[in-house]
Amino acid sequence: MQENKHSVLLEQKKNLTINGVESVVSFSDVKIVLALLGGERMQVLGSGLKITGFSKTSGTFTAEGEFIGISYGGKSFVAKIFK
């Protein structure tokens, strides 16, 4: 895996898998902040969010809940994926 590459897979607004994650910066049931490889941050918004797995070795992060948005740093990448 190259240092700055990552991928995001969202299935039916309920299951999220992200590859290329360095660490979980903070989390609550409405917001998860991740540090990506290469130094960028990602913010995941929703309700009932729950981390279901994270491997620092592989950089794979999984979560479930009702996802409504994903953004990178302070810039909006995808604001409100689904309404």
Side-chain angles (χ1 to χ4, degrees):
M1 178 186 307
Q2 287 186 332
E3 192 168 313
N4 61 354
K5 291 204 174 196
H6 67 277
S7 64
V8 178
L9 173 63
L10 179 61
E11 299 175 279
Q12 298 180 349
K13 297 190 327 181
K14 300 200 180 290
N15 296 301
L16 179 67
T17 301
I18 304 171
N19 292 305
V21 176
E22 185 173 25
S23 65
V24 177
V25 176
S26 65
F27 64 92
S28 71
D29 64 337
V30 295
K31 180 166 103 173
I32 300 171
V33 179
L34 304 170
L36 302 176
L37 296 173
E40 199 163 16
R41 288 198 179 198
M42 174 183 282
Q43 192 171 182
V44 179
L45 303 174
S47 61
L49 303 183
K50 181 169 46 169
I51 295 171
T52 55
F54 173 60
S55 170
K56 188 163 179 77
T57 305
S58 69
T60 301
F61 171 86
T62 57
E64 61 185 32
E66 186 70 28
F67 297 97
I68 60 169
I70 297 173
S71 64
Y72 287 86
K75 301 173 281 185
S76 178
F77 172 67
V78 178
K80 297 192 178 180
I81 295 173
F82 300 97
K83 288 186 177 187

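Numbering of residues begins at 1 and proceeds along the displayed sequence.
Looking at residues two or more places apart in sequence or on another chain, you find a salt bridge (Lys or Arg N to Asp or Glu O under 4.0 Å) between E66 and K13, K14. Here K50 pairs with E64 under the salt bridge (Lys or Arg N to Asp or Glu O under 4.0 Å) rule; sequence neighbours left out. Applying the side-chain hydrogen bond (donor to acceptor under 3.5 Å, both in side chains) rule to E22 yields no partners; only residues at least two apart in sequence or on another chain are considered.
Shown here is F27, whose CZ atom has no more than 12 heavy atoms of other residues, nucleotides or ligands within 6.0 Å.
Side chains of L45 and K31 form a contact here, defined as non-hydrogen atoms less than 4.5 Å apart. A heavy-atom distance below 4.5 Å is found between the side chains of F67 and L49. Under the 4.5 Å side-chain criterion, counting only non-hydrogen atoms from C-beta, L36 is in contact with V21.
Hydrophobic cluster membership differs between V33 and F54, with clusters built from Ile, Leu, Val, Met, Phe, Trp and Tyr side chains linked at under 4.5 angstrom.
Rounding to the nearest 0.5 angstrom, the gap separating the CE atom in M42 from the CZ atom in F61 is 10.0 Å.
None of V8, I32, L9, I51 except one satisfies the side chain to side chain contact (heavy atoms under 4.5 Å, CB included) rule with L16; the exception is V8.
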Q. Taking it one step at a time, do T17 and T60 satisfy side chain to side chain contact (heavy atoms under 4.5 Å, CB included)?
A. CA-CA 7 Å; T17 301; T60 301; 4.3 Å; yes

